[in-house]
Amino acid sequence: MFLRKVFIRLIVVATVLWLLPAMGFSQTDEDGLATDIKTSLLSVAPGYTIYTAHGHCALRLQCPSAGLDLSFTYGLDDTAGNRLAFFTGDAMGEYSVAHTSDYLQDYINEGRQVVEYELNLSLQQKRRLWELLDNELARGAFRQYNYLTTNCASMCAYAVTSALQNDTKLVYDSISPILNGTYRNFVHHISKDRPWVDFFWNTLLGAEGDKVGQKGQKYSPSLLVETWQHASVVDAMGSRRPLLLENNGHVLIAGNDGHDTGWFTPTRCFIIVLLLMVALTIAEQKGRLRKLTIAVDGLLLLLQAVIGLALCYTTFCSSLDGTSGNWYVLVFNPLPLLLWLVLHQWSGFRHLVLGYFLLLIVFILLTPFVSQIDTSHGLVVMILAVRCLSNAKRKKAVNG
């Protein structure tokens, strides 16, 4: 961590010295400042983990006469504690920098596609962008990281927009309707090629997920590219030029483009599990596999309690944006396990089980009317409902 901070400081110092008059540059203006600056956006294809599933992006700044080729990006302050703090809503984000060859090496190793889009900025705007990013590096991790609104893509957009002069602005010929939609629609869209990631985030998103939020904040790497492909830089005189020199960009790494959803989606998985639960319940009613059904019920109760504890924390205790007002805590909470541990010998416990079964049925019936409840989560609730009804019947038989 110390060496990383030292490296950042050296980069800042080197860049500041480069911005000052220098006699050795082969491409300079009358003040001795380099003029051969190139700025571009690097868009990285999605990976297969929760943290990489929406892709990544960076701003690449090059000055051949100064021997500089750096990639600036924004993300979580990369410590174990900060990654855990993400789920409390207290994680801090920061800009970081690396030599572009080092930055790309990770994606070469992972086989993820990287496309470069050169930005059509003026020389002054390029210099302002570089200066802004250097200043951000010096400030360190002082912003709260928010995966919905303060992420690598939105902060790349922020840096480029901030580098424009006051009399210059970005004008969009068209904009994706997703950017004007709810946070939930935004997450569904950027996770469409990673259904398990979509399932994970939709589990966390509560009623806040149905908010629209502020325009210009909901960005992912792919949506940022799509938006900038229809953006123009307009100055005070009305002169207009496209923000990207080439809409299709230049492929730096021809790896996986992230458009492989795979067959084993949550919906298909839970359909298979539901059918197995139905078959197990039928066998149980015929007096077979009794020990297996008890073990399965115990596992379901334990998983429900663990997931429920996590959801209760993110819903009621965490300040992570978008997680309050979560409907899933009605079903996924530690109460069923606690009641079973304390009251399973009670003769009236069957009525509690039936009451919980009715709650599950109502929850399933609400699926078409509540945006948060989707098909895959509805299937999970059906699995619980099947076993819940079977346990109520078994308890009745024992009491009888």
Side-chain angles (χ1 to χ4, degrees), residues 41-58 71 73-80 82-87 91 93 96 98 100-117 145-156 178 183-205 209 218-226 249 251-273 303 306-307 310-311 314 320 322-323 374-377 379-380:
L41 174 72
L42 301 181
S43 180
V44 184
Y48 289 93
T49 68
I50 293 296
Y51 290 104
T52 65
H54 296 147
H56 197 50
C57 62
S71 291
T73 190
Y74 183 88
L76 280 173
D77 184 18
D78 197 13
T79 62
N82 208 41
R83 288 185 177 273
L84 290 175
F86 171 83
F87 293 98
S96 59
T100 297
S101 58
D102 295 332
Y103 178 80
L104 295 176
Q105 188 59 51
D106 289 339
Y107 304 114
I108 293 173
N109 296 339
E110 295 174 17
R112 293 163 63 184
Q113 185 185 76
V114 180
V115 182
E116 181 177 27
Y117 300 85
Y145 183 88
N146 183 330
Y147 76 102
L148 291 175
T149 60
T150 313
N151 52 46
C152 62
S154 63
M155 295 309 290
C156 282
I178 298 300
Y183 289 122
R184 193 180 315 282
N185 290 337
F186 167 68
V187 171
H188 283 326
H189 179 80
I190 64 178
S191 306
K192 62 181 182 297
D193 296 318
R194 295 289 185 269
W196 282 101
V197 173
D198 183 50
F199 178 82
F200 172 82
W201 288 120
N202 199 48
T203 303
L204 286 184
L205 275 179
K218 295 192 294 288
Y219 276 125
S220 70
S222 60
L223 279 175
L224 182 61
V225 169
E226 180 184 337
V251 177
L252 295 181
I253 302 175
N256 190 311
D257 63 3
H259 286 81
D260 180 20
T261 59
W263 181 88
F264 199 61
T265 64
T267 299
R268 289 169 177 161
C269 170
F270 296 131
I271 286 176
I272 293 172
V273 175
L303 288 175
V306 172
I307 295 171
L311 282 182
T314 57
L320 181 64
T323 58
D374 58 15
T375 301
S376 53
H377 285 86
L379 288 168
V380 175

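Keep in mind that what you see is a predicted model, and the values were worked out from it rather than measured. For the numbers below, each heavy atom of this structure counts, side chains included, while hydrogens, waters and symmetry mates do not.
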Would R184 and N202 satisfy side chain to side chain contact (heavy atoms under 4.5 Å, CB included), going step by step from the backbone distance to the final call? CA-CA 7 Å; R184 193 180 315 282; N202 199 48; 3.1 Å; yes
Can you find a heavy atom in the side chain of [X] that is under 4.5 Å from one in the side chain of [Y]?
X    : Y    : result
H54  : N151 : no
L379 : T267 : yes
Q105 : N109 : yes
I108 : V114 : no
I253 : V115 : no
W196 : C269 : yes
D193 : P46  : no
H377 : T203 : yes

Over all heavy atoms of both residues, which pair between [X] and [Y] is shortest? Give the atoms and the distance, please.
X    : Y    : result
T323 : L320 : OG1-O, 2.8 Å
S191 : V197 : OG-CG1, 4.2 Å
C57  : A153 : SG-CA, 3.4 Å
R112 : H56  : NH2-N, 4.4 Å
V44  : Y103 : CG2-OH, 4.0 Å

For the residue pair Y74 and Y145, does the interplanar ring angle fall in the parallel (under 30°), tilted (30 to 60°) or perpendicular (over 60°) class? parallel
Aromatic plane relationship, F270 with F199 - under 30° parallel, 30 to 60° tilted, over 60° perpendicular: tilted
Would you say the side chains of H188 and N185 form a donor-acceptor pair under 3.5 Å? no
Side chain to side chain contact (heavy atoms under 4.5 Å, CB included), that's the test. Do F186 and L223 meet it? Break it down for me. CA-CA 10 Å; F186 167 68; L223 279 175; 3.5 Å; yes
